[in-house]
J.: 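Next up is a structure, given as structure tokens.
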Amino acid sequence: MSRDLPADELRAAMHRVADLVADYLEGVGDRPVLPPVSPGDVRRALPASPPDGPEPIDTILDDYVRLIEPNVTHWNHPGFLAYFSITGSGPGILGETLAAALNNNAMLWRTGPAPTELEEQVCAWLAEMMGLPPEFRGHINDTASSSSLVALAAARHRLPIDVRVHGLAGRPEVPPLAVYCSDQAHSSIDKSAIVLGVGQENVRRIASDGAFRMSVPALAEAVARDRAAGKLPMAIVATVGSTSTTSIDPVAEIADLCAREKIWLHVDAAYAGSAAICPEYRALMKGIERADSLVVNPHKWLFTPVDCSVLFVRDPALLKGAFSLVPEYLRTGESSDVTNLMDLGFQLGRRFRSLKLWMVIRAFGVEGLRERIRHHCAMARDLAGRIEIDPRFELAAPVPFSTVCFRARLSPGSIEEQDRFNERLMARVNAAGPFFLSHTGLQGRFTLRVAIGNLRTEPVHMTALWELLTRSLDELAA
Ligand SMILES: *Cc1c(COP(=O)(O)O)cnc(C)c1O
């Protein structure tokens, strides 16, 4: 007898799952992006206790169709324009499915030869696609938050204070560490500082300029001030594609400062790094090739299902120095130059994430991926153009990639009234169903945000969004 689901039942269920997946993706645009549920609704619909006996797979899948599928926020929806919109493309779904079947845990080369080597090769492909120098070595983490944490741990390891062995507490000879990033940097940098014992108050949030780019003179001043006060600069984080506006820090100038001051340069390109596969976008990012570490999330803008974050480092020996720890039961006979992925971070076990990225890159081709990114940027430029010539709106930030920050103009109206008006406008648009926008704060003002990154988003959707936005604005103003 089969203790697992018998092969013939699995085969039949997989066929049904194939239909569910294809039907869902084909029809996702007909649903409201945000499900009509309130907190607690899903939980209340679920049995309080698990079943004692086996339930037929078809019954479980029926419940999936009834309870789960309609009650997710549809990130695959062409009208999902909030945060950074993403798509787990068809090829990515296939890779994710096959990875689940293999259930491989490539902590050591021995425990996953093909997953280990595919991960190295796919990361090398991605480095080449992005125009990064060949010495960059990549590996895959779950999220950019983890990638940045790992990178900053390597930066800390490079300091002459051996935190790995001695820790930080109770050492009067160790000065406070400092990490520098702009006031637009992602909160994951602060979280890394919390985890690494740097402390939130030692994250220097450097002022950004009118285009939301880190001010290099202010950065240099902060470093000098810290050095004079006996603090130990640990890393500078440059953001390429900041989360609010997709602004790009002047990486080349920051790299000069890092070289002069011998400070680790980490580049957070979680979203916009993908655009580097288009040669015309590389000029905007000049300097990223000089980073000590760089993170890019294929799960953000390279059509790979969450989670998939690639961390590139110039010197993998530093990562290993920070993290490698081999207990007796994990020793193998392989030569020491074989890659054991467990040496490159804090986690031991790992999912086989490179399979989906490999399938995406091959199924679309590099040119196909470029074409899709350019298409998103073109739609964003088109929306920005509509906003610029319409006196009812104003652009709130430059649009270097596929994200547009803007505000409705209410005149006359105080800043507070304008903020409330924009908030109500966003709520009205989101309540209509076909679109989901989010917001950010820029210079203290409530700012609407449209982020285009979904494979299903087309100019017809952008036109419909514009009609809904202008109509909602006119209704609210009346
Ligand atoms: C989205 C984003 C992150 C965080 O990504 P996760 O993978 O969700 O941790 C970090 N930095 C930037 C610039 C981002 O846009």
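Start at 1 and go down the list; that is how both ligands and their atoms are numbered.
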J.: Would you tell me whether Ser148 and Ser188 have side-chain atoms, one donor and one acceptor, within less than 3.5 Å of each other?
T.: no
J.: What atoms of ligand 1 come closer than 4.0 angstrom to any heavy atom of Phe84?
T.: 15 (O)
J.: Can you see whether Glu120 engages His139 through a side-chain donor-acceptor pair at a distance of less than 3.5 angstrom?
T.: no
J.: How far is atom 9 (O) of ligand 1 from its nearest protein heavy atom, and which residue and atom name does that atom have?
T.: Ser145 OG, 2.5 Å
J.: Quick check: does Thr239 get an N/O under 3.5 Å from an N/O on ligand 1?
T.: no
J.: Does the plane of the ring in Trp301 sit parallel, tilted or perpendicular to the ring in Phe401? Use 30° and 60° as the thresholds.
T.: perpendicular
J.: Hey, which atoms in ligand 1 end up nearer than 4.0 Å to a heavy atom of Lys300?
T.: 1 (C), 2 (C), 3 (C), 4 (C), 5 (O), 14 (C), 15 (O)
J.: Looking only at non-hydrogen atoms, which of Ser309, Cys308, Ala185, Ala144 approaches atom 6 (P) of ligand 1 most closely?
T.: Ala144
J.: Among Asp30, Thr87, Val33, which residue satisfies the side chain to side chain contact (heavy atoms under 4.5 Å, CB included) criterion with His77?
T.: Val33
J.: Report yes or no: is the cationic atom of Arg372 (NZ for Lys, CZ for Arg) under 6.0 Å from the centre of the six-membered ring of Phe364, at an angle within 45° of the ring normal?
T.: yes
J.: Out of all atoms in ligand 1, which are within 4.0 Å of some heavy atom of Thr243? Include the element for each.
T.: 12 (C), 13 (C), 14 (C), 15 (O)
J.: For the residue pair Phe80 and Ala82, what are the closest heavy atoms and their distance?
T.: CE2-O, 3.4 Å
J.: Using heavy atoms and a threshold below 4.0 Å, how should the contact between Asn297 and ligand 1 be classified: side chain, backbone, both, or neither?
T.: side chain
J.: May I ask you to identify the nearest protein heavy atom to atom 11 (N) of ligand 1, giving residue, atom name and distance to one decimal place in Å?
T.: Asp268 OD2, 2.6 Å
J.: Can you tell me if Gly241 has a non-hydrogen atom under 4.0 Å from ligand 1?
T.: yes
J.: For ligand 1, which atoms sit closer than 4.0 Å to a heavy atom of His299?
T.: 7 (O)
J.: Would Arg449 pass as a cation-pi partner of Phe84, given that its NZ or CZ must be under 6.0 Å from the six-membered ring centre and within 45 degrees of the axis?
T.: yes
